[in-house]
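Residue numbers begin at 1 in each chain, while the letters A, B, ... track the order of the sequences.
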2 protein chains.
Amino acid sequence: MADIAKRAGVSRQALYLHFPNRAELLVATARYLDEVHAIGTEFDAHVMGQAGTERLTGFVNTWGNYIPKVYGVGKALMAMKDTDEEARAAWDDRMGAVRGLCEVTVQSLAEHGALSEDLDENTAADLLWTLTSVRNWEQWTQECGWTHAQFLEHLNRAARRLIVGA
Amino acid sequence: MADIAKRAGVSRQALYLHFPNRAELLVATARYLDEVHAIGTEFDAHVMGQAGTERLTGFVNTWGNYIPKVYGVGKALMAMKDTDEEARAAWDDRMGAVRGLCEVTVQSLAEHGALSEDLDENTAADLLWTLTSVRNWEQWTQECGWTHAQFLEHLNRAARRLIVGA
DNA sequence: CGTCAACTTGACACAGTGTCAAGTAAATCG
DNA sequence: CGATTTACTTGACACTGTGTCAAGTTGACG
């Protein structure tokens with residue numbers, strides 16, 4: 001909080017005039033980033049506006065491109081999850097929304113007969129949701145040293161291999 | 001530290017007579033768990049003693065069965081990673097060992113012509129390493145509610161689909 | 001001119017880690 | 001047997017970070 005105040009050019013206490021605590025400041029920041037990057041419009045265009053394997057590609061690319069933009073605040077919220085109930089609820093709520101996108105994506109695959117035969121829709125959504133998690137992005141780009149382009153390429157390949165049927 | 005001391009039936013300060021700090025206590029606990037569960041022997045038998053896709057199955061099952069046993073201390077170390085340099089080094093060292101197992105597993109697949117044609121060995125190891133991460137185990141079993149058996153089953157399927165060639 | 005909103009400084013409580021000093025009690029050794 | 005050593009105790013303290021509180025400043029606006 002002291003660091004943030006310094007960077008914002010205000011006193012530490014001024015932050016508490018705008019946000020009740022650290023968790024809500026981070027949540028507000030995340031919401032602000034959503035707005036700035038118009039993530040809702042992006043999803044509408046590239047996910048809800050597509051079907052079958054194109055919807056899958058749209059989801060993977062749109063979400064994959066968004067992750068690095070929210071990684072900073074996301075990492076802070078994830079770190080608070082274990083000790084702060086409010087941070088946990090906020091992060092779980094956001095990831096729940098992503099999980100919802102995974103579900104509709106899988107549904108569209110199923111409708112087009114493109115879902116792998118050995119998977120039910122729920123398991124497929126679980127797989128896609130975890131595959132595209134922020135933690136996996138973190139590991140691939142930070143620990144493995146993948147570029148963003150490599151990340152998107154391999155994530156698309158993995159998603160297809162994991163949940164799309166022959 | 002206070003909680004651990006309480007559960008151990010000693011004073012908080014007594015812990016500091018045995019371990020210089022929290023990070024080293026956790027690292028020592030992890031090493032103790034390795035010993036108790038004879039993880040080295042397990043890997044020797046089910047990974048190094050196998051080849052090709054059997055080595056892959058051996059690695060996935062052995063490591064997959066070990067994760068829940070070290071999850072407690074692992075979670076604590078992961079939480080410290082961002083602020084404590086020693087914890088970061090300790091955890092990265094352990095995960096580096098797992099990454100090494102992924103490499104030899106992928107190598108064995110390649111030698112038997114079982115590695116997917118569109119992957120180089122390094123990328124395949126990155127994929128397997130991330131797929132089998134503790135974070136993914138956490139998400140699948142805690143958030144998705146998978147049983148341990150389901151986890152192992154789907155992890156094996158995913159590993160095969162992701163890195164084994166036709 | 002007075003008031004209000006936004007901010008400041010400075011203090012404090014509280015939790016958690018790590019340090020330090022002094023004391024105790026039991027085992028070990030000469 | 002007495003002296004020492006080992007393992008532990010109690011209790012204090014420093015330091016960091018979050019969140020709270022009180023009192024004061026400053027500028028805009030009716």
Side-chain angles (χ1 to χ4, degrees), chain A residues 1-36 68-96 134-135 138 142-143, chain B residues 1-36 68-96 134-135 138 142-143:
Chain A
M1 295 298 273
D3 290 348
I4 292 168
K6 203 174 207 173
R7 287 285 293 269
V10 297
S11 67
R12 186 174 70 91
Q13 285 65 15
L15 293 184
Y16 288 100
L17 297 174
H18 295 272
F19 310 98
N21 50 52
R22 198 175 125 90
E24 291 215 9
L25 183 151
L26 292 172
V27 171
T29 306
R31 271 199 281 263
Y32 173 74
L33 289 176
D34 286 354
E35 200 184 311
V36 164
K69 294 173 183 161
V70 286
Y71 175 61
V73 60
K75 184 172 180 167
L77 276 172
M78 285 189 286
M80 292 184 74
K81 254 187 78 170
D82 299 319
T83 55
D84 189 300
E85 179 53 33
E86 197 166 356
R88 194 201 58 73
W91 183 251
D92 286 359
D93 178 68
R94 296 181 70 78
M95 290 309 107
V134 174
R135 293 295 189 187
E138 187 178 36
Q142 322 281 99
E143 325 271 324
Chain B
M1 296 297 273
D3 289 349
I4 293 167
K6 202 173 208 173
R7 287 285 293 269
V10 297
S11 68
R12 186 174 71 90
Q13 285 66 16
L15 294 183
Y16 289 100
L17 297 174
H18 295 273
F19 311 97
N21 50 51
R22 198 174 124 91
E24 292 215 9
L25 183 150
L26 291 173
V27 171
T29 306
R31 272 199 281 265
Y32 173 73
L33 289 176
D34 286 354
E35 199 185 310
V36 164
K69 293 172 183 162
V70 286
Y71 175 61
V73 60
K75 184 172 181 168
L77 276 172
M78 286 189 284
M80 292 182 73
K81 252 187 81 171
D82 300 318
T83 55
D84 189 299
E85 179 53 33
E86 198 168 354
R88 195 201 58 72
W91 183 251
D92 287 359
D93 178 68
R94 295 180 71 78
M95 290 309 106
V134 175
R135 293 294 189 187
E138 187 178 36
Q142 322 280 101
E143 325 270 326

Non-hydrogen side-chain atoms of B:Q13 and B:L17 separated by less than 4.5 Å
no
Hey, what do you get for CD1 (B:I4) to OG1 (B:T29), rounding to the nearest 0.5 Å?
7.0 Å
Would a 4.5 Å heavy-atom cut-off, applied to side chains only, mark B:R22 and B:L15 as touching?
no
Is the count of non-hydrogen atoms from other residues, nucleotides or ligands lying under 6.0 Å from A:E35 atom CD greater than 12?
no
Which value, rounded to the nearest 0.5 Å, describes the distance between A:M80 atom CE and A:T83 atom OG1?
6.0 Å
Heavy atom of residues 4-18 of chain A under 4.0 Å from DNA chain D: which residues?
A:R12, A:Q13, A:Y16
Taking side chain as C-beta onward, heavy atoms only, is B:L25 less than 4.5 Å from B:M1?
yes
Under a 4.0 Å threshold between the charged nitrogen and the carboxylate oxygen, would B:R135 count as salt-bridged to A:E143?
no
Let me know the distance between CG of B:N21 and P of D:dA14, rounded to the nearest Å.
22 Å
Figure out the CG/P separation between A:D3 and D:dT16, and round it to whole Å.
13 Å
Would you mind reading off the distance between A:M1 atom CE and D:dT18 atom C1', rounded to a whole angstrom?
8 Å
Is there a side-chain contact between B:D34 and B:R94, using heavy atoms and a 4.5 Å cut-off?
yes
Atom CG of B:D82 and atom P of D:dT16 are separated, to the nearest Å, by 20 Å
Need two values: the first and the last nucleotide of DNA chain C, 5' to 3', having an atom under 4.0 Å from any heavy-atom of chain B.
C:dT17 to C:dC20
Could you check how far CG of A:D84 sits from C1' of D:dG17, rounded to whole Å?
14 Å
